[in-house]
Novice: 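Quick one: the structure is below, and I'll ask about it shortly.
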Amino acid sequence: MDFRNIPPVKEQIMKCVRCGKCRSVCPVFAEIRNETAAPRGHVFMVQMLRDGVVEPNNEIYERLANCLMCETCSINCPSGIDIHELNAAARSYIYENNPSLGKELIFDTLWTKPGLLKTSTKLMWGAQKTGLQPLARRTGLTRLLPGDLGKAEQILSSVPARSARSQLKNKYKAQGEKKYTVGYFLGCGTDLLNPGVALATVDVLTRNGCEVIIPPETKCCGLPHIANGKLETARLLAIHNIKIFNMYDFDYIITDCASCSSALSRKNMEFLLGGLKIEDEAKLFADKVMDLTKFLIEIIDIKIPENGYNEKIKVTYHDPCHLANAQGIKSEPRELLKRIPGVTLIEMSDANRCCGGSGTYVLTHYDLSMKILDKKMDSIMETGAEKIATCCPSCIMQLKHGTKRHNYKSEVVHPIELISQAYNKPILKK
Amino acid sequence: MDKKQVKKELTNLLGSKKVLTNEIDLMYYSYDSSFLTKLKPVPPTAVVFPKSTEDVQKVMAFAYNHEINVIPRGAGTGETGGCVAINDGIVLDLSTFDEIVEIDVSNMQVIVRPGIVHAQLNKELAKYNLFFPPDPGSSQMCTVGGMVANNASGLRAVKYGCTEQYVLGLEVVLPNGDVITTGGVKSKAIKNVSGLNLTKLMVGSEGILGVVTKIRLRCWPKPKARGIAMAVFDNLDDAPATVLEVYKAGILPSGIEILDSSAIEAVNQFKPDINLPNAEAILLFEVDGNPPSVEYEGTTIKEIAEKRARMVEWATDPKRMAELWEGRSVTAAAAARVRPDGSRIFAGEDISVPLSKVADTLRAIRKLGEKYGIKVVNYGHIGDGNVHTAPVINPENPEEVEKVKQLVHEIHLLAIEMEGTTTGEHGVGVVRREYAEVEHGLAHQYMKKIKNVFDPKGIMNPDKLI
Ligand code: SF4
Ligand code: SF4
């Protein structure tokens with residue numbers, strides 16, 4: 001699709017009045033503090049690209065890529081501009097016009113240092129699984145300076161040995177009376193980094209009358225591609241997933257990953273596939289998609305047995321950007337936590353401020369990402385919480401790194417893990 | 001001196017961390033919130049980020065010697081092109097020079113650097129139960145330095161006035177590098193009539209006389225209670241008449257805001273949940289102070305408004321107040337919603353007229369909109385006659401752009417004809433400079449002479465304000 005015809009590019013650029021509201025809320029701007037990192041600066045630069053004032057080259061890409069895709073700017077923009085979408089569209093445009101961007105390899109450095117090799121193996125392993133290999137080559141690996149990679153290794157040090165996929169069947173029957181047939185969209189992050197979350201999801205869903213089907217052909221939701229200038233690939237992935245899931249007769253399509261549920265949302269489908277033939281089919285699909293936390297509160301109205309998890313724990317909750325900003329889901333995860341016997345929810349200040357992880361951002365902009373993380377950790381540590389709950393694998397990874405970095409003894413979990421534990425039954429095994 | 005050399009010298013002077021010279025980076029400093037720079041962004045020669053008075057001094061002395069223009073800038077949220085290097089020059093981005101130097105609680109004063117953001121300052125002051133009252137709509141992003149430069153005010157000017165009333169003294173770096181302190185070199189006095197009042201001269205001078213590097217502000221105790229009254233009118237004239245009667249009753253609300261039918265439509269389209277009643281005009285009164293006085297003032301306003309209004313609501317419950325006030329606070333943003341393929345523009349947006357002429361002015365603006373076939377949303381601080389008009393156009397359609405320029409010109413002329421002014425609080429910058437002579441007559445010549453005293457080489461934010 002021509003960059004200039006992508007709906008936000010076509011319709012929204014002209015709406016920016018440069019009021020600066022977005023500047024005052026952007027976590028990246030708060031650290032860099034010059035206009036090149038301001039969201040309105042991104043809007044301006046996308047306009048310059050569109051109008052041919054600047055060339056689609058690496059220099060522009062790098063400036064646009066200094067963004068977490070946290071959507072804080074977009075939800076605060078009085079003119080209703082989807083700033084992050086403009087940014088994603090522009091990065092993709094640059095990438096398409098500049099395939100050489102992908103060739104800035106630093107493999108020589110990589111393969112000669114054992115520590116870096118270990119990291120890259122892990123990254124590549126993950127990349128292979130997710131079909132993100134070319135992307136990883138370009139962003140996660142090849143565009144990193146060796147220095148950043150060395151630091152990034154700490155973040156990736158705890159990749160579990162077994163993926164969720166290898167531990168789960170394709171189909172689980174509902175326990176008791178079946179109420180819903182649910183398609184479980186098992187995202188890459190949960191699958192590879194937090195398999196325990198997937199097991200807990202299946203456990204809790206089946207306990208609550210859901211037949212759970214995990215289509216084995218599921219591919220990545222495409223969000224990392226959107227964030228890294230590969231809109232065309234994101235489109236293909238979306239189309240693939242739509243076809244796969246629409247083959248079943250699901251009542252709901254559920255995911256425990258905030259990034260996946262936002263990538264599969266109607267809004268994002270409109271961004272990716274608006275104006276294409278598949279748009280209607282995509283909307284049909286997207287209308288069935290629901291984030292797990294919302295599903296458990298709104299549809300299931302879950303009751304968690306008192307006899308389960310009786311230990312008293314203090315839990316604080318971090319809003320993933322892709323849940324709170326992208327989908328406005330803020331109360332549901334909190335409500336879920338409150339329903340767990342023994343849990344006291346302690347609000348942290350600025351709970352919806354980005355943790356700075358944002359998928360690959362922490363790898364490509366490590367130092368800046370740490371500054372943003374440190375602010376988040378200050379808020380968390382003030383609460384004294386013993387567990388930090390959040391609903392996104394990228395946030396989980398980043399916050400785990402934060403607890404280590406600040407030597408803060410607190411476990412980072414997805415609320416569903418606490419719920420599954422509360423049911424006090426052994427976790428599902430294949 | 002050629003541009004390359006300027007960049008090199010600045011980098012030598014301040015170090016590369018405080019200077020931007022890359023052509024692409026400079027493009028990001030080619031705009032503010034004005035329609036002018038939206039149509040025609042102009043990048044500067046360089047951007048510098050001073051972190052001290054000495055840094056500013058160094059830049060000024062260098063610029064003075066080589067006759068290079070210097071343009072001070074805060075958060076770049078102004079609507080007049082005032083902080084953009086329209087004729088080349090060095091942009092001084094003061095937004096990171098932002099310390100609170102001292103909160104002097106016993107003297108109810110605060111000393112700050114120019115880059116501090118208004119809302120952040122008030123957050124800090126709130127810890128001491130103090131506040132800096134002027135309340136611009138851009139509180140979350142604008143800098144106090146920018147407020148001083150533009151003598152900003154906002155929603156609460158009715159009772160609390162403008163920035164100038166709170167500035168007790170300033171440190172200013174003059175174009176030749178001299179540093180002066182206005183309001184007394186050592187003074188911490190609140191009242192001070194010694195000498196010519198250079199503080200007042202500097203406030204609102206839009207950076208054409210010097211660079212403000214330190215600001216001594218008076219703070220006020222934070223009021224304990226607040227209440228909002230909303231009155232809905234079927235007849236536009238009833239709105240200003242009600243305002244006048246409220247004043248006559250001896251009540252000075254902290255803010256009085258008006259939304260006309262176009263603004264009501266815009267708000268309802270933007271946020272249907274707010275669900276404002278359809279009407280010719282809605283007035284929102286805010287009162288603050290001690291709980292009994294707030295209650296008295298609120299109920300009195302209600303009684304007065306009920307004589308003319310279709311409906312009046314008085315609220316002190318924080319949730320309800322927030323709901324009522326939200327209608328006003330989203331208007332500026334909502335304006336564009338009256339046209340899906342349109343954008344509001346900041347031009348002709350800040351006229352101020354006598355209270356007795358507000359209704360006529362609003363009607364005349366509506367007519368002008370019809371004449372040019374342009375939708376105009378009207379709202380503003382009716383309490384002091386400050387009308388914000390938001391023309392909504394497609395800024396990428398050259399025909400509409402031409403039309404709106406004429407419309408804006410006529411709005412400005414209308415303001416002068418109504419015995420008002422082209423700008424109540426946003427300033428002149430580049431965009432309203434053409435009216436300076438008409439508005440000020442002979443006084444305009446003296447303004448130029450004053451400018452010349454401070455800036456004989458004409459390097460300080462030239463071609464703005466006067
Ligand atoms: S908040 Fe929206 S309209 Fe305002 S500057 Fe940012 S992008 Fe532009
Ligand atoms: S998406 Fe987040 S990081 Fe990116 S510009 Fe917007 S607020 Fe800043």
Side-chain angles (χ1 to χ4, degrees), chain A residues 4 7 9-26 29-51 53-64 66 72-81 94 328 349-350, chain B residues 18 20 22-35 37-38 41 47 49 73-79 91 93 95-96 98 115 117-120 137-143 270 329-337 340-346 349 390 392-397:
Chain A
R4 289 171 187 82
V9 178
K10 204 166 148 198
E11 292 150 19
Q12 295 183 357
I13 286 181
M14 60 123 169
K15 287 183 180 282
C16 176
V17 290
R18 318 260 187 266
C19 67
K21 177 75 191 165
C22 51
R23 192 182 126 115
S24 67
V25 295
C26 170
F29 179 82
E31 301 302 333
I32 297 184
R33 306 191 66 192
N34 84 46
E35 197 69 30
T36 65
R40 71 173 172 185
H42 296 319
V43 176
F44 171 76
M45 208 31 92
V46 178
Q47 182 182 346
M48 295 297 106
L49 260 181
R50 181 201 66 178
D51 297 346
V53 180
V54 294
E55 293 293 315
N57 59 28
N58 195 15
E59 276 202 273
I60 307 293
Y61 189 98
E62 275 181 3
R63 286 170 176 80
L64 291 173
N66 203 358
T72 314
C73 50
S74 304
I75 58 160
N76 279 288
C77 171
S79 307
I81 302 174
I94 297 174
S349 57
D350 298 323
Chain B
K18 291 182 188 166
L20 282 187
N22 174 291
E23 293 299 326
I24 293 172
D25 289 339
L26 295 175
M27 289 176 77
Y28 292 88
Y29 284 81
S30 61
Y31 55 77
D32 63 358
S33 199
S34 63
F35 187 49
T37 59
K38 180 160 171 162
V47 179
F49 302 90
R73 180 183 172 102
T77 54
E79 282 107 346
V91 161
D93 182 335
S95 64
T96 60
D98 65 346
V117 169
H118 176 260
Q120 274 171 10
S138 54
S139 166
Q140 298 294 331
M141 49 269 196
C142 75
T143 65
F270 181 35
S329 54
V330 302
T331 324
R337 306 291 166 130
D341 64 338
S343 166
R344 77 158 298 179
I345 58 161
F346 283 105
E349 82 293 348
V392 180
I393 63 161
N394 176 349
E396 299 190 336
N397 176 340

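All heavy atoms count here, side chains included; hydrogens, waters and symmetry mates do not. Lettering follows sequence order; numbering is per chain, from 1.
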Novice: Under 4.5 Å, counting heavy-atom pairs only, tell me which of B:Ala332, B:Ala119, B:Gly76 racks up the most with chain A.
Specialist: B:Gly76

Novice: I'd like to know if the side chain of B:Tyr31 reaches the main chain of A:Arg18, judged simply by a donor and an acceptor atom lying under 3.5 Å from each other, with no hydrogens or angles considered.
Specialist: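 Checked: no pair found.
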
Novice: Looking only at atom types and distance, does a side-chain atom of A:Lys21 sit under 3.5 Å from a main-chain N or O of B:Ser138, one as donor and one as acceptor?
Specialist: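 No; zero donor-acceptor contacts below 3.5 Å.
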
Novice: Please list, chain by chain and in numerical order, all residues satisfying side-chain hydrogen bond (donor to acceptor under 3.5 Å, both in side chains) with B:Thr77, sequence neighbours excluded.
Specialist: none

Novice: Should the heavy atoms of other residues, nucleotides or ligands under 6.0 Å from NZ of B:Lys18 be counted, would the total exceed 12?
Specialist: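 Yes, the 6.0 Å shell around NZ holds more than 12 heavy atoms from other groups.
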
Novice: What part of A:Val17 gets closer than 4.5 Å to chain B, counting heavy atoms only: side chain, backbone, both or neither?
Specialist: both

Novice: Please test A:Val53 against B:Met27 for side chain to side chain contact (heavy atoms under 4.5 Å, CB included), starting from the C-alpha separation and ending with a verdict.
Specialist: CA-CA 11 Å; A:Val53 180; B:Met27 289 176 77; 4.0 Å; yes

Novice: Looking at every heavy atom in both A:Glu35 and B:Tyr28, which two are closest together, and how far apart are they?
Specialist: CG-O, 3.1 Å

Novice: Non-hydrogen atoms of chain A under 4.5 Å away: do they reach the side chain of B:Phe35, the backbone, both or neither?
Specialist: neither

Novice: Check whether B:Pro340 gets within reach of chain A through its side chain, its backbone, both or neither, counting any heavy atom under 4.5 Å.
Specialist: backbone

Novice: Between A:Thr36 and chain B, with a heavy-atom cut-off of 4.5 Å, which part of the residue counts as in contact: side chain, backbone, both or neither?
Specialist: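 Both parts, backbone and side chain.
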
Novice: Measure the CD1-OG distance between A:Ile13 and B:Ser343 for me, rounded to the nearest 0.5 Å.
Specialist: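 OG of B:Ser343 is found 12.5 Å from CD1 of A:Ile13.
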
Novice: Taking side chain as everything from C-beta outward and backbone as N, CA, C, O, which of these in A:Arg33 sits under 4.5 Å from a heavy atom of chain B? Side chain, backbone, both or neither.
Specialist: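 Interface part for A:Arg33: both.
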
Novice: Taking the side chain from A:Lys15 and the backbone from B:Arg344, do they hold a donor-acceptor pair closer than 3.5 Å?
Specialist: no

Novice: As an exercise, state the distance from CG of B:Asp32 to CZ of A:Arg40, rounded to the nearest 0.5 Å.
Specialist: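 It comes to 8.0 Å.
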
Novice: Checking B:Asn397 against chain A: side chain, backbone, both or neither under 4.5 Å from a heavy atom?
Specialist: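 Neither part; nothing is under 4.5 Å.
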
Novice: Look up atom CG in B:Asn394 and atom CE in A:Met14, then write down how far apart they are to the nearest 0.5 Å.
Specialist: 4.5 Å

Novice: For atom CD of B:Glu396, decide whether the heavy atoms of other residues, nucleotides or ligands shown that lie under 6.0 angstrom number more than 12.
Specialist: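 Check passes, neighbour count above 12.
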
Novice: Starting at CD of B:Gln120, measure out to OG of A:Ser24 and round the result to the nearest 0.5 Å.
Specialist: 9.5 Å

Novice: Nearest 0.5 angstrom please: B:Leu20 CG to A:Asn34 CG, how far?
Specialist: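 So the CG of B:Leu20 and the CG of A:Asn34 are separated by 5.0 Å.
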
Novice: Please report the shortest heavy-atom distance between B:Ser30 and A:Phe44, naming the atom on each side.
Specialist: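 What the structure gives for the nearest pair is OG-CZ, 3.3 Å.
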
Novice: Need one label for B:Thr37: side chain, backbone, both or neither, based on atoms under 4.5 Å from any heavy atom in chain A.
Specialist: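 Looking at B:Thr37, nothing touches chain A.
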
Novice: Based on non-hydrogen pairs under 4.5 Å, which of B:Ser95, B:Gly342, B:Ala334 is most in contact with chain A?
Specialist: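 The answer is B:Gly342.
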
Novice: Quick one: do A:Arg63 and B:Asp25 make a salt bridge, cutoff under 4.0 Å?
Specialist: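 A salt bridge is present here (some side-chain N lies under 4.0 Å from a carboxylate O).
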
Novice: Drop me the distance from B:Glu23's CD to A:Glu59's CD, to the nearest 0.5 angstrom.
Specialist: 10.0 Å

